[in-house]
Amino acid sequence: MSSMAEKKDVDKDKPITRVLFCGPHFPASQIYTREYLEKYPFIQVDDVPLKQVPDHIGNYDLCVSKNMLFDSNVLSRAKQMKLIMQFGVGLEGIDIDAATKHGIKVARIPGDATGNAASCAEMAIYLTLGLLRKQKMLGEPIGETLLGKTVFIMGFGNIGIDLAKRLKPFDVKIIATKRSWPSNSEVLIPKAFPTQNGVLDDLVDEKGSHGDIYEFASKADIVVCCLSMNKETVGILNKPFISSMKKGALLVNIARGGLLDYEAVVQHLESGHLGGLGIDVAWKEPFDPNDPVLKFKNVILTPHVAGVTEHSYRSMAKVVGDVALQLHAGKPLKGIELVN
């Protein structure tokens, strides 16, 4: 157990708000949060190994889950917990119903406010360009360009919007699906983009709903998955979907590994139907370096770091710090998205 956690356990009577980061992964999250809160001695920020979280969670007011799984058993021990939040947007590891039952609020950090969505959009372009250029030796094989390609953005939320903004200068055709479309885009758009009535209405050349994903996949040279993962979307990148893609098209996933059907991907890579796979998220994390999928030369994998940039991590640390200060002062929680 860390020395910070030991201090935590002996200082129970001090009027401080205690913040717990779960596990050793992505250490900048807790380091930057401590730095942001160093002027506030009444906020204590600790991190403990994942296996020790259940033994110590009862001493904390605010928990940052990272990649910790919070089931009913763990949540039942969080006797003074007011809020569990993610250092980012994904909440699939938290049993929200159980948290609600135990009187604990659950929240995510909106990606558009911290630069997380922009960072993920950049990674999507990085993976796409890497797959298109596909060079292993000097000048061999000859790569391709994004120019003139059709890109299907599957899930037009914050990341999808930021991706479309960055793809437009590449002179591509953008098609996108979304559960429901507003009459006009509600996104604030840089002056460089044409607008109508103060909002952008032509980032997307063709809009569709969830029922159009197979048709849109058949039109695209590149499919980029930006969906959130839930009961409806788990395994959505499956055999029927990939089969509906153009032969030789590229598939990029920067959302969640569970959206992708591993066997279907391997099958279509082996057959040559899938032209390339670029993923920042995998079906099993940490990723197995001996996974057979890495035998394919047209696969690029990064270790779930799309949103891990200096800008986004500093911004998210500020959000966590501000929420801790709000909790301590008994003020309404701002800057986060509560889901229960």
Side-chain angles (χ1 to χ4, degrees), residues 111-112 115-178 185 187 189-194 200-208 212-227 237 241-242 244-255 259-260 265 268-269 272-281 296-302 305-307 309:
D112 58 337
N116 181 270
S119 298
C120 291
E122 290 177 4
M123 180 62 82
I125 293 175
Y126 168 83
L127 292 169
T128 300
L129 292 174
L131 292 171
L132 285 168
R133 292 307 176 106
K134 61 188 176 186
Q135 289 175 340
K136 306 297 180 181
M137 298 178 64
L138 185 61
E140 298 180 27
I142 295 176
E144 297 183 45
T145 177
L146 254 178
L147 178 67
K149 297 290 191 295
T150 297
V151 182
F152 172 20
I153 300 178
M154 194 176 178
F156 204 67
N158 291 327
I159 295 174
I161 292 166
D162 273 7
L163 177 58
K165 293 177 190 177
R166 286 156 179 77
L167 281 174
K168 270 298 182 182
F170 285 93
D171 198 13
V172 300
K173 179 180 179 180
I174 297 175
I175 60 179
T177 53
K178 182 181 176 71
S185 174
V187 184
I189 303 300
K191 293 180 180 178
F193 292 95
L200 185 76
D201 200 33
D202 61 358
L203 264 183
V204 179
D205 297 289
E206 185 177 354
K207 300 175 182 177
D212 299 314
I213 62 173
Y214 297 105
E215 178 189 348
F216 276 36
S218 71
K219 300 177 180 180
D221 302 295
I222 301 143
V223 175
V224 183
C225 184
C226 304
L227 290 169
L237 302 176
F241 179 85
I242 300 174
S244 71
M245 293 172 61
K246 283 184 180 180
K247 179 177 173 57
L250 307 179
L251 177 60
V252 174
N253 182 15
I254 45 87
L259 298 167
L260 191 149
V265 167
H268 286 83
L269 285 169
H273 181 81
L274 189 58
L277 175 69
I279 53 175
D280 181 62
V281 287
F296 299 101
K297 294 181 179 180
N298 55 344
V299 170
I300 301 176
L301 182 145
T302 51
V305 292
T309 62

[X] to [Y] - nearest heavy-atom pair and separation:
X	Y	value
Lys219	Glu206	NZ-OE2, 2.7 Å
Ile159	Cys120	CD1-CB, 3.8 Å
Ile213	Thr177	CG2-OG1, 4.0 Å
Leu146	Leu129	CD1-CD2, 3.8 Å
Ala220	Val223	CB-CG2, 4.1 Å
Arg166	Ala118	NH2-CB, 3.4 Å

Check whether any side-chain heavy atom of Ile174 sits under 4.5 Å from a side-chain heavy atom of Leu203, and report yes or no.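 Not in contact.
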Do the side chains of Leu260 and Leu277 get nearer than 4.5 Å, heavy atoms only?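 A side-chain contact under 4.5 Å exists here.
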What distance separates [X] [atom1] from [Y] [atom2], expressed to the nearest 0.5 Å?
X	Y	atom1	atom2	answer
Ser119	Ile254	OG	CD1	11.0 Å
Cys226	Leu259	SG	CG	10.0 Å
Leu163	Met123	CG	CE	13.0 Å
Lys178	Leu227	NZ	CG	11.0 Å
His273	Met245	NE2	CE	6.5 Å
Asp280	Leu127	CG	CG	6.5 Å

Would you say the side-chain atoms of Asp171 pair up with the backbone N or O of Leu147, donor to acceptor, closer than 3.5 Å?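 The answer is no, because no donor-acceptor pair under 3.5 Å joins these two groups.
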Counting only N and O atoms by type, is there a donor-acceptor contact under 3.5 Å from the side chain of Lys165 to the main-chain atoms of Ile161?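 Flag not set: sc Lys165 to bb Ile161 has no pair under 3.5 Å.
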Determine, stepwise, if the pair Leu237 / Met154 fulfils side chain to side chain contact (heavy atoms under 4.5 Å, CB included). CA-CA 10 Å; Leu237 302 176; Met154 194 176 178; 3.8 Å; yes
In terms of the angle between their ring planes, are Phe216 and Phe152 parallel, tilted or perpendicular, with boundaries placed at 30° and 60°?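 Ring orientation, 0 to 90° scale: perpendicular.
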Identify which one of Val151, Val224, Asp162 satisfies the side-chain contact (heavy atoms from CB on, under 4.5 Å) criterion when paired with Leu167.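 Result: among Val151, Val224, Asp162, Val151 is the only option passing the side-chain contact (heavy atoms from CB on, under 4.5 Å) with Leu167.
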May I ask you to decide whether Asp205 forms a salt bridge with Lys168, counting only side-chain N to carboxylate O separations under 4.0 Å?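 Lys168 and Asp205: salt-bridged.
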CZ/Phe296: more than 12 non-hydrogen atoms of other groups inside 6.0 Å: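 Yes, enclosed.
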Take atom NZ in Lys134; do more than 12 heavy atoms of anything else shown fall under 6.0 Å from it?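 Yes.
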Could you go step by step and tell me if Leu132 and Lys149 meet the side chain to side chain contact (heavy atoms under 4.5 Å, CB included) rule? CA-CA 11 Å; Leu132 285 168; Lys149 297 290 191 295; 4.3 Å; yes
